[in-house]
Amino acid sequence: MEIIKDLPEVFEEFAEQRQKSFLMMKELKDKGTPVVGAYCTYFPKEIAMAMGASTVSLCSTSDETIPEAEKDLPKNLCPLIKSSYGFAKTDKCPFFYFSDVVVGETTCDGKKKMYELMGEFKDVFVMELPNTQGPEALKLWKKEIIRFKEYLEKRFEVTITDEDVRKAVKIENEARKALKRLYEVMQHDPAPISGHDLFKVLYGSTFKLNRSEIAGEVNALVDKIEAEYASGKMLEKKPRILITGCPIGGATEKVIRAVEDNGGVVVTYENCTGAKSIDRLVDENAEDIYQAIAERYLAIGCSVMTPNPNRFDLMGRLIDEYQVDGVLEMTLQACHTYNVETRAIRKFVNEEKGIPYINVETDYSQADVGQLNTRIAAFIEML
């Protein structure tokens, strides 16, 4: 097997994947490869992959363009939405600039209305995501997935066959299995690597334009981590933290640093950047592949769902499997669905799982780093 580089070097390569992919975008466009950009874990990327498109996550993790966004959007809106719109409006995100189509979804009211404004200067296809997960909602979501397929066929003058879709499903499932195998190394106690290094790979992989490369690279990395752990290389024993809540990345990595600079280790992420987006596979052998894709994506336990039992199911499993000592929920200011759900999450963590919980509400500025460190250090000390 190919010998891979030292672990710190590999983690940094994944951390730099976003910048590396910036440079690759123009090459893709010069070759005539369609690019489909999206913001959400509910985006069924296999449909776009099936027509040979590259799929990419779009920029929304910095406060750099928020002042520009606030010329069109209210100041008291979620920073993720303002950042997403600001990067789009200013053309400061190469991924957005080179995307032929941006796929939106009706997760929350703020994003829905933002996509209307974005549609004034970009091709935006909005998928009607139901806010429940019952049989009728599943029927609607399957129809939306087929509508998306038909839109791509018309927009790019291609035919997407069921066989194409099944091939894409297999590629994406292999990537999910490898990434799941990666985050499962954190079940070891003491942990083999830091939570921030784990995050670099999970987050970096979302910017990998060639999805078929992910499984091989990540599996080789996992083999290296396990071999080093077996030889005695590991972190010292520390309080084990689960992070849940809003998507993390860029500016909000300050929360991960606050945990790990103050004596804890993040052993698992329940949020969109972690287990939530990887935990379930699409049934490759299903007779109706569109039904299988619809079932897999609709089952994601986001706070936009009412009720939202799948989030509690996943979190409960992670708390048990990763021997979690405390749960930290990070919510973004003005993210109403996650902020409202904190009450139920606190109750679940405290009463059903019997462990401590802390909620930190933040935005994309660095102004609260000191306060975050103080609060999170006190929480970890209590553990």
Side-chain angles (χ1 to χ4, degrees), residues 15-19 21-22 25 37-41 56-99 102 104 107-118 120-122 124 196 199-200 202-204 206-207 243-261 266 269 271-274 303 328-339 342 359-376:
E16 291 161 7
Q17 182 60 52
R18 189 160 153 259
Q19 281 78 13
S21 293
F22 282 166
M25 291 300 288
Y39 291 99
C40 185
T41 310
V56 67
S57 295
L58 297 174
C59 312
S60 55
T61 57
S62 155
D63 63 356
E64 179 189 347
T65 62
I66 285 178
E68 190 60 39
E70 287 177 345
K71 292 176 182 176
D72 295 345
L73 297 171
K75 286 185 167 57
N76 63 347
L77 194 62
C78 154
L80 184 149
I81 298 172
K82 290 191 291 187
S83 177
S84 300
Y85 181 79
F87 273 104
K89 183 186 174 188
T90 59
D91 268 340
K92 286 189 173 177
C93 171
F95 295 143
F96 185 91
Y97 178 80
F98 285 115
S99 289
V102 169
T107 42
C108 72
D109 293 341
K111 283 174 90 176
K112 277 193 298 198
K113 300 310 286 183
M114 181 271 281
Y115 290 136
E116 285 183 23
L117 301 188
M118 191 180 279
E120 294 173 9
F121 54 85
K122 194 74 173 181
V124 178
H196 205 178
F199 178 83
K200 287 171 189 173
L202 295 174
Y203 187 58
T206 66
F207 298 101
I243 288 185
T244 183
C246 293
I248 282 188
T252 48
E253 288 175 51
K254 61 188 176 182
V255 176
I256 305 171
R257 286 191 287 271
V259 170
E260 302 203 326
D261 289 349
V266 181
Y269 298 88
N271 57 16
C272 294
T273 326
S303 66
L328 185 154
E329 181 159 25
M330 185 215 77
T331 53
L332 293 171
Q333 288 172 4
C335 178
H336 301 316
T337 58
Y338 271 104
N339 277 308
T342 57
N359 169 238
V360 294
E361 188 180 8
T362 188
D363 60 12
Y364 285 171
S365 77
Q366 298 301 303
D368 62 349
V369 167
Q371 183 193 41
L372 283 173
N373 274 288
T374 303
R375 287 192 64 209
I376 291 170

Report task. Mind listing the closest non-hydrogen atom pair of Glu361 and Ala334 along with its distance? Result -> OE2-N, 4.0 Å
Report summary line: For Leu77 and Gly110, the nearest pair of non-hydrogen atoms, with its separation, is CD1-CA, 4.2 Å
Query - Gln371 CD: over 12 foreign heavy atoms closer than 6.0 Å - result: no
Query raised in the report: Just how far is it from atom CG of Leu372 to atom CD of Gln366, taken to the nearest 0.5 Å?
Result: 9.0 Å
Query - Evaluation steps, side-chain contact (heavy atoms from CB on, under 4.5 Å), between Ile256 and Tyr269 - result: CA-CA 10 Å; Ile256 305 171; Tyr269 298 88; 3.5 Å; yes
Query raised in the report: Is Thr206 reaching over with its side chain to a backbone N or O of Tyr203, donor-acceptor style, under 3.5 angstrom?
Result: yes
Query raised in the report: Can you check whether Gln333's main-chain N or O pairs, donor with acceptor, with Asn339's side chain at less than 3.5 Å?
Result: no
Query raised in the report: Looking at OG of Ser83 and OH of Tyr39, how far apart are the two atoms once the value is rounded to the nearest 0.5 Å?
Result: 9.0 Å
Report summary line: Separation between CZ (Phe98) and SG (Cys93), nearest 0.5 Å, reads 10.5 Å
Query - Exam field: side chain Arg375 to backbone Asn359, donor-acceptor pair closer than 3.5 Å - result: yes
Query raised in the report: Taking all atoms of both residues into account, what is the closest heavy-atom pair of Cys335 and Cys246, and its distance?
Result: SG-SG, 3.6 Å
Query raised in the report: Heavy-atom count around Tyr97 OH within 6.0 Å, excluding the residue itself: above 12?
Result: no
Query raised in the report: Glu68 side chain to Lys89 main-chain N or O, any donor-acceptor pair under 3.5 Å?
Result: no
Query raised in the report: Would you call the rings of Phe207 and Phe95 parallel, tilted or perpendicular, where under 30° means parallel and over 60° means perpendicular?
Result: parallel
Report summary line: The reported gap from OG1 in Thr342 to CE in Met330 (rounded to nearest 0.5 angstrom) is 12.5 Å
Requested in this report: Begin with the C-alpha distance, continue with both residues' side-chain angles, and end with the deciding distance and a verdict on side-chain contact (heavy atoms from CB on, under 4.5 Å) for His196 and Val266.
Outcome: CA-CA 7 Å; His196 205 178; Val266 181; over 6 Å; no
**Report entry** Close side-chain approach of Ile248 and Phe199, heavy atoms under 4.5 Å
**Finding:** yes
Report task. Could you walk me through whether Tyr85 and Thr65 pass side-chain contact (heavy atoms from CB on, under 4.5 Å), step by step? Result -> CA-CA 8 Å; Tyr85 181 79; Thr65 62; over 6 Å; no
Query raised in the report: Of the non-hydrogen atoms in Ser99 and Lys122, which two are nearest, and what is the gap between them?
Result: O-NZ, 2.7 Å
**Report entry** Distance, nearest 0.5 Å, that separates CZ of Phe87 from NZ of Lys82
**Finding:** 13.5 Å
**Report entry** Non-hydrogen side-chain atoms of Leu117 and Leu73 separated by less than 4.5 Å
**Finding:** yes
Query raised in the report: Short question: side chain of Lys111, backbone of Ile81 - any donor-acceptor pair under 3.5 Å?
Result: no
**Report entry** Side chain Tyr338, main chain Pro247, donor-acceptor under 3.5 Å
**Finding:** no
**Report entry** Any side-chain heavy-atom pair of Pro79 and Ile66 under 4.5 Å
**Finding:** yes
Query raised in the report: Distance-only, no hydrogens or angles: does the Ser21 side chain make a donor-acceptor pair with backbone N or O of Arg18 under 3.5 Å?
Result: no
Report task. Could you walk me through whether Asp368 and Val360 pass the side-chain contact (heavy atoms from CB on, under 4.5 Å) test, one step at a time? Result -> CA-CA 10 Å; Asp368 62 349; Val360 294; over 6 Å; no
**Report entry** Flag, side chain of Asn271 to backbone of Gly245, donor-acceptor distance under 3.5 Å
**Finding:** no
Requested in this report: Without swapping roles, check the side chain of Glu253 against the backbone of Gly250 for a donor-acceptor pair under 3.5 Å.
Outcome: yes
Requested in this report: Say whether Thr362 and Lys254, considering side chains only, have a donor N or O and an acceptor N or O under 3.5 Å apart.
Outcome: yes
Report task. For residues Glu64 and Tyr364, determine if any side-chain heavy atom of one lies less than 4.5 Å from a side-chain heavy atom of the other. Result -> no
Query raised in the report: Counting distance only, does the side-chain N/O of Ser84 pair as donor-acceptor with the main-chain N or O of Ser60 below 3.5 Å?
Result: no
**Report entry** OG1 on Thr244 to CD on Glu329, rounded to 0.5 Å
**Finding:** 5.0 Å
